[in-house]
Student: 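If you scroll down you'll find the structure; I have some questions about it.
Note that the numbering runs from 1 along the sequence shown for the chain.
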Amino acid sequence: MTLQSVRGATGIRRADRARQVADVLRQQIHAGAFEDALPAEAELASEFAVSRNTVRDALALLKDEGLIERAPKVGTHVAQRKYEHGLDSLRGLKETLRGHGEVRNEVRAARAVPAPPAVARRLGLAPGEQAVYIERLRCLGDLPLSLDMTYLVPDIGARVIARDLETNDIFALIEDISGGPLGSADLVLEAITADSHSAATLQMPEGGALLLLERLTRLEDERPVDLEYIRMRGDRITMRGSLIRPADSDWRLI
């Protein structure tokens, strides 16, 4: 059976084609390919070699996500853009969004607490030892972007909470206090839905998409110093990075 006959036998549903078109357009919107208006339906249909009905289905998906707005005789326009957060460099939110506006922090908690056992292990603390806990709602202007929960080792954390937490990244404060640069970090990124409390705090719909970033950061000497659990609005932040395939990858077909 030829490749063409296999494709013809399996077929591709219109919904699948619409999803494929939506995925490409979504990336273009995030990358700023469209200054304001998207191309007309007929132009998109020609570009993607699909029907106009498929294009309409794709645009409906993006409209449901809140990325675009559509109106008769007006066309399709970008409703909102996401802010990029890099995965291949260790930066705070203020550093990441430099040039987009002022990042301000609403400090919701800043105190010493008994470190939960799992947190103590990650930070290299003794069982029952205290950590410094900081919770911040982070906004770009008036737009809430993330809810950050941070555990710091006590010696550095005690000095961090004595500083200005409303306008500074914690990373910058740690480096100033420790007298040297941060070194490396381990991170886990996963998708979760917004619970009622997180949704109300971040001013987003309950059940909406959140990106949960768990990040353990070390000083240059590899000492763990900062363990964070960061809930970021999935409708306003996109994660981006550059990856290199390792030289020892087994790419040969078996």
Student: Measuring only between side-chain heavy atoms, which start at C-beta, is V74 closer than 4.5 Å to E69?
Tutor: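 A side-chain contact is absent here, since even the closest heavy-atom pair is not under 4.5 Å.
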Student: Check for me, please, whether V119 and L125 land in the same ILVMFWY cluster - side-chain distances under 4.5 Å, paths through other members count.
Tutor: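 Yes, V119 and L125 fall within the same hydrophobic cluster.
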Student: Roughly how far, to the nearest 0.5 Å, is the CE atom of M204 from the CD atom of E206?
Tutor: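 Between atom CD of E206 and atom CE of M204 there are 10.0 Å.
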Student: Where is the tightest heavy-atom contact between I161 and A158, given as atom of each residue plus distance?
Tutor: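 Distance-wise, the nearest heavy atoms are CG1-O, 3.5 Å.
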Student: If you apply the rule salt bridge (charged side-chain N to carboxylate O under 4.0 Å, His left out), what do you find for R163 with D176, and how did you get there?
Tutor: CA-CA 11 Å; R163 301 288 189 93; D176 185 56; 2.8 Å; yes
Student: May I ask whether L211 and L143 are part of the same hydrophobic cluster, defined by side-chain heavy atoms of I, L, V, M, F, W, Y residues being less than 4.5 angstrom apart, directly or through others?
Tutor: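 Yes; L143 is reachable from L211 via cluster members.
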Student: Begin with the C-alpha distance, continue with both residues' side-chain angles, and end with the deciding distance and a verdict on salt bridge (charged side-chain N to carboxylate O under 4.0 Å, His left out) for D148 and R138.
Tutor: CA-CA 7 Å; D148 298 11; R138 313 203 68 188; 3.8 Å; yes
Student: Is any side-chain heavy atom of K63 less than 4.5 Å from a side-chain heavy atom of T76?
Tutor: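 The answer is no; the side chains never approach within 4.5 Å.
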Student: Determine yes or no for a side-chain-to-main-chain donor-acceptor pair under 3.5 angstrom, with K82 supplying the side chain and L67 the backbone.
Tutor: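 Absent.
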Student: Take V55 and F48 through the side-chain contact (heavy atoms from CB on, under 4.5 Å) test and state the conclusion after the steps.
Tutor: CA-CA 9 Å; V55 168; F48 288 97; 5.6 Å; no
Student: Does I170 form a side-chain contact (heavy atoms from CB on, under 4.5 Å) with L152? I'd like the steps, not just the answer.
Tutor: CA-CA 10 Å; I170 287 180; L152 298 169; 4.3 Å; yes
Student: Could you grab the distance from atom CD of E228 to atom CG of L187, nearest 0.5 Å is fine?
Tutor: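 If we round to the nearest 0.5 Å, E228:CD and L187:CG are 10.5 Å apart.
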Student: Using the rule that two of Ile, Leu, Val, Met, Phe, Trp, Tyr join whenever any of their side-chain heavy atoms come within less than 4.5 Å, decide whether I156 and V113 are in one cluster.
Tutor: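 Yes, one cluster joins them.
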Student: Taking L44's backbone N and O only, do any of them form a donor-acceptor pair with E47's side chain (distance below 3.5 Å, no angle check)?
Tutor: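 Pair absent, no side-chain N/O of E47 close to backbone of L44.
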Student: Does E95 offer a backbone N or O that forms a donor-acceptor pair with the side chain of D169 under 3.5 Å?
Tutor: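 Indeed, once roles are kept as given, a pair shorter than 3.5 Å links the two residues.
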Student: Could you work out, with side chain to side chain contact (heavy atoms under 4.5 Å, CB included) as the rule, every residue matching R108, not counting sequence neighbours?
Tutor: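 R108 satisfies side chain to side chain contact (heavy atoms under 4.5 Å, CB included) with E106, E135, L137, L147, H197, T201 only.
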Student: Do L140 and E102 come within less than 4.5 Å of each other through their side chains, counting heavy atoms only?
Tutor: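 SC-SC contact between L140 and E102 ruled out.
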Student: Do the non-hydrogen side-chain atoms of L213 and Y229 ever get within less than 4.5 Å of each other?
Tutor: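 Not in contact.
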Student: Between K94 and T167 (side chain of the first, backbone of the second, donor and acceptor by atom type, cut-off under 3.5 Å), is there such a pair?
Tutor: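 Flag set: sc K94 to bb T167 pair under 3.5 Å.
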Student: What residues form a side chain to side chain contact (heavy atoms under 4.5 Å, CB included) with L61, not counting sequence neighbours?
Tutor: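 With sequence neighbours excluded, L61 shows a side chain to side chain contact (heavy atoms under 4.5 Å, CB included) to A22, given in chain and number order.
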Student: How long is the span from the CG atom in L25 to the CD1 atom in I68, to the nearest 0.5 Å?
Tutor: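 If we round to the nearest 0.5 Å, L25:CG and I68:CD1 are 8.0 Å apart.
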Student: Return each pair, listed once, that meets side chain to side chain donor-acceptor pair (under 3.5 Å) where at least one residue sits in residues 17-29; pairs must be two or more places apart or across chains.
Tutor: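 For residues 17-29: D16-R19, D23-R26, R26-E65.
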Student: Atom NE2 of H30 and atom CD of E84: how far apart are they, to the nearest 0.5 Å?
Tutor: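 If we round to the nearest 0.5 Å, H30:NE2 and E84:CD are 9.0 Å apart.
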Student: Could you measure the distance from the OH atom of Y83 to the CG atom of L97? Nearest 0.5 Å is fine.
Tutor: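 If I round to the nearest 0.5 Å, the distance is 7.5 Å.
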Student: Taking NZ, NE, NH1 and NH2 as the nitrogens, is one of them in D186 or R215 under 4.0 Å from a carboxylate oxygen of the other?
Tutor: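 Salt bridge: no.
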Student: So, for T54 and A18, which heavy atoms are closest and what is the spacing to 0.1 Å?
Tutor: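 Of all heavy-atom pairs spanning T54 and A18, the closest is CG2-N, 3.6 Å.
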Student: Quick test of your reading: applying side chain to side chain donor-acceptor pair (under 3.5 Å), list the pairs with at least one residue in residues 32-41, sequence neighbours left out, ordered by first then second residue.
Tutor: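 Counting only pairs at least two positions apart or across chains, the side chain to side chain donor-acceptor pair (under 3.5 Å) contacts touching residues 32-41 are D36-H77, E41-R52, E41-R56, E41-R70.
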Student: Quick one: does any side-chain atom of N168 pair with a main-chain N or O of D164 as donor and acceptor, under 3.5 Å?
Tutor: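 Answer holds: yes.
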Student: Can you establish whether the number of heavy atoms outside E222 located under 6.0 Å from its atom CD is more than 12?
Tutor: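 Yes, the 6.0 Å shell around CD holds more than 12 heavy atoms from other groups.
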Student: Please tell me if the side chains of M149 and R231 come closer than 4.5 Å, counting only heavy atoms from C-beta onward.
Tutor: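 Yes, close enough: below the 4.5 Å cut-off.
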Student: Identify the heavy atoms of L93 and S146 that sit nearest to each other, and give their distance.
Tutor: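 That would be CD2-OG, 4.1 Å.
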Student: Check step by step if side-chain contact (heavy atoms from CB on, under 4.5 Å) holds for E175 and L182.
Tutor: CA-CA 6 Å; E175 289 181 325; L182 293 169; 3.8 Å; yes
Student: Can you tell whether the side chains of R218 and D226 come within less than 4.0 Å, N to carboxylate O?
Tutor: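 Answer for the salt bridge query: no.
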Student: Count I, L, V, M, F, W, Y as connected when their side-chain heavy atoms are under 4.5 Å apart, and connections chain through other members. Are L189 and I192 then in the same cluster?
Tutor: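 Different clusters: L189 never reaches I192 through Ile, Leu, Val, Met, Phe, Trp or Tyr contacts under 4.5 Å.
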Student: Taking only residues two or more places apart in sequence, or in another chain, which ones meet D221 in a side chain to side chain donor-acceptor pair (under 3.5 Å)?
Tutor: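 Side chain to side chain donor-acceptor pair (under 3.5 Å) check on D221 returns nothing, list empty.
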Student: Does the side-chain contact (heavy atoms from CB on, under 4.5 Å) test come out yes or no for L210 and T193, once each step is laid out?
Tutor: CA-CA 6 Å; L210 286 176; T193 56; over 6 Å; no
Student: What distance do L90 atom CG and T96 atom OG1 have between them, rounded to the nearest 0.5 Å?
Tutor: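 So the CG of L90 and the OG1 of T96 are separated by 9.5 Å.
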Student: To check you understand the geometry: which heavy-atom pair defines the closest contact between P39 and F34, and what is its length?
Tutor: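 Taking P39 first and F34 second, the nearest heavy atoms are CD-CE2, 3.5 Å.
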Student: Please answer whether the main-chain N or O of I174 pairs with a side-chain N or O of S178 as donor and acceptor at a distance below 3.5 Å.
Tutor: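 It does hold such a pair.
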Student: Can you give me the closest heavy-atom contact between L202 and L145, atom names plus distance?
Tutor: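 L202 and L145 have their closest heavy atoms at CD2-C, 4.0 Å.
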Student: Hey, could you give me each pair passing ring-ring contact (aromatic ring centres under 6.0 Å, His included) that has a residue in residues 138-161? Not counting sequence neighbours.
Tutor: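 Every pair satisfying ring-ring contact (aromatic ring centres under 6.0 Å, His included) with a residue in residues 138-161: Y133-Y151.
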Student: Could you walk me through whether D195 and S198 pass the side-chain hydrogen bond (donor to acceptor under 3.5 Å, both in side chains) check?
Tutor: CA-CA 5 Å; D195 59 273; S198 297; 2.7 Å; yes
Student: Does atom CG of D64 have more than 12 heavy-atom neighbours from other groups under 6.0 Å away?
Tutor: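 Yes, the 6.0 Å shell around CG holds more than 12 heavy atoms from other groups.
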Student: Salt bridge or not for D155 and R223, using N-O below 4.0 Å?
Tutor: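 Yes, this pair counts.
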Student: So if I apply the side chain to side chain contact (heavy atoms under 4.5 Å, CB included) rule between L165 and each of N105, T150, V160, which one comes out positive?
Tutor: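 The side chain to side chain contact (heavy atoms under 4.5 Å, CB included) with L165 is passed solely by V160 among N105, T150, V160.
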Student: Out of curiosity, does I237 fall in the hydrophobic cluster containing I29 (side-chain heavy atoms, cut-off under 4.5 Å, transitive links)?
Tutor: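 They do not share one cluster, since no chain of ILVMFWY contacts under 4.5 Å joins I29 to I237.
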Student: If you take all heavy atoms of V153 and P224, which pair is closest and at what distance?
Tutor: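 Result for this residue pair: CG1-O, 3.4 Å.
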Student: Less than 4.5 Å apart, any side-chain heavy atom of R240 and any of L87?
Tutor: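 R240 does not reach L87 side chain to side chain.
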